[in-house]
Amino acid sequence: MAEQRERAAPDSVPTRIGQVVMLHHGGDREEARRRLLDLWTELGEHGDPLHRCTLAHYLADTHDDPEDELAWDLRALTAAEEHRESAAVRALYPSLHLSLAADYAELGRMAAARTHVRRARAAADVLADDGYGAGVRAAIGRLELRIGDEGPGGEHGIPSRRGG
């Protein structure tokens, strides 16, 4: 009987991630990072790719070091690649590539930033015409303007996506 309840219970990982994201948005970055890292350990390398993608994508935003942020965003993209047939994952690609573009721009790696902002723009056609889709498209446009398609002239003055 308990076994049946376990199998019938809804997947709690997205709910748990959402709760920690609310904690992070509430200002407790350190605690959010700790809880997300605990969940990452719990999921393990063979956990559901969509869960790992989502978790790594949010974990990136809890890090202060741009290299750490980039590492987590790359983990998110790697997990997404394992589950690329999923419509849910396809809807994440614009945001994943936008985050990578912002990471690379912050690190002064403008060629990589431009590559990922182009990938974000190309993937954005899957986004709905809703607030989320409009927000991601607008963020892509802002980053495109900041980094431009030119050479080193656009490399200075790239603000952090965290506002720092």
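Given the structure is predicted, the values throughout are model-derived calculations rather than measurements.
- Of all heavy-atom pairs spanning A56 and A76, the tightest one is CB-N, 3.6 Å.
- Side-chain contact between L55 and L39 is present, with at least one heavy-atom pair separated by less than 4.5 Å.
- For A80, the side chain to side chain contact (heavy atoms under 4.5 Å, CB included) criterion is met by C53, V89, Y93, L96, not counting sequence neighbours.
- L77 places a side-chain heavy atom less than 4.5 Å from the side chain of H97.
- The NE2 atom of H63 sits 5.0 Å away from the CZ atom of R33 when rounded to the nearest 0.5 Å.
- Between A113 and A105, the closest heavy-atom pair is CB-N, 3.6 Å.
- Applying the salt bridge (Lys or Arg N to Asp or Glu O under 4.0 Å) criterion to R121, with sequence neighbours excluded, gives E144.
- Taking CD from E69 and CG from L107, the interatomic distance works out to 8.5 Å, rounded to the nearest 0.5 Å.
- Sorted by first and then second residue, the side chain to side chain donor-acceptor pair (under 3.5 Å) pairs with a member in residues 13-27 read R16-E42; sequence neighbours excluded.
- Heavy-atom minimum distance, R52 versus G47: NH1-O, 2.7 Å.
- When the side chains of ILVMFWY residues are joined at heavy-atom separations under 4.5 Å, either directly or via intervening members, V126 and V136 end up in two distinct hydrophobic clusters.
- Two residues are said to be in side-chain contact when any heavy atoms from C-beta on lie closer than 4.5 Å; L92 and L50 meet this criterion.
- The residue from V20, L23, T41 that alone fulfils the side-chain contact (heavy atoms from CB on, under 4.5 Å) condition with L36 is V20.
- The minimum heavy-atom distance between T62 and A32, with the atom names listed, is CG2-CB, 4.4 Å.
- Annotation: side-chain hydrogen bond (donor to acceptor under 3.5 Å, both in side chains) contacts of H83 (sequence neighbours excluded): none.
- Under a hydrophobic-cluster definition in which Ile, Leu, Val, Met, Phe, Trp and Tyr are linked whenever side-chain heavy atoms come within less than 4.5 Å, directly or via other members, Y132 and L143 are assigned to the same cluster.
- In this structure E67 satisfies the side-chain hydrogen bond (donor to acceptor under 3.5 Å, both in side chains) test with no other residue, sequence neighbours excluded.
- By the 4.5 Å heavy-atom criterion applied to side chains, D129 and R137 are counted as neighbours.
- Pairing each heavy atom of H57 with each of D73, the nearest pair is ND1-OD1, 3.6 Å.
- By the 30° and 60° cut-offs, the orientation of the rings of H116 relative to Y104 is parallel.
- For R34, the side-chain hydrogen bond (donor to acceptor under 3.5 Å, both in side chains) partners at least two apart in sequence or on another chain are E31, D38.
- Between D48 and L43 there is no side-chain heavy-atom pair separated by less than 4.5 Å.
- Note on M22 and Y58: separate hydrophobic clusters, where clusters join Ile, Leu, Val, Met, Phe, Trp and Tyr whose side-chain heavy atoms are under 4.5 Å apart, directly or indirectly.
- Taking CZ from R109 and CG from L70, the interatomic distance works out to 6.0 Å, rounded to the nearest 0.5 Å.
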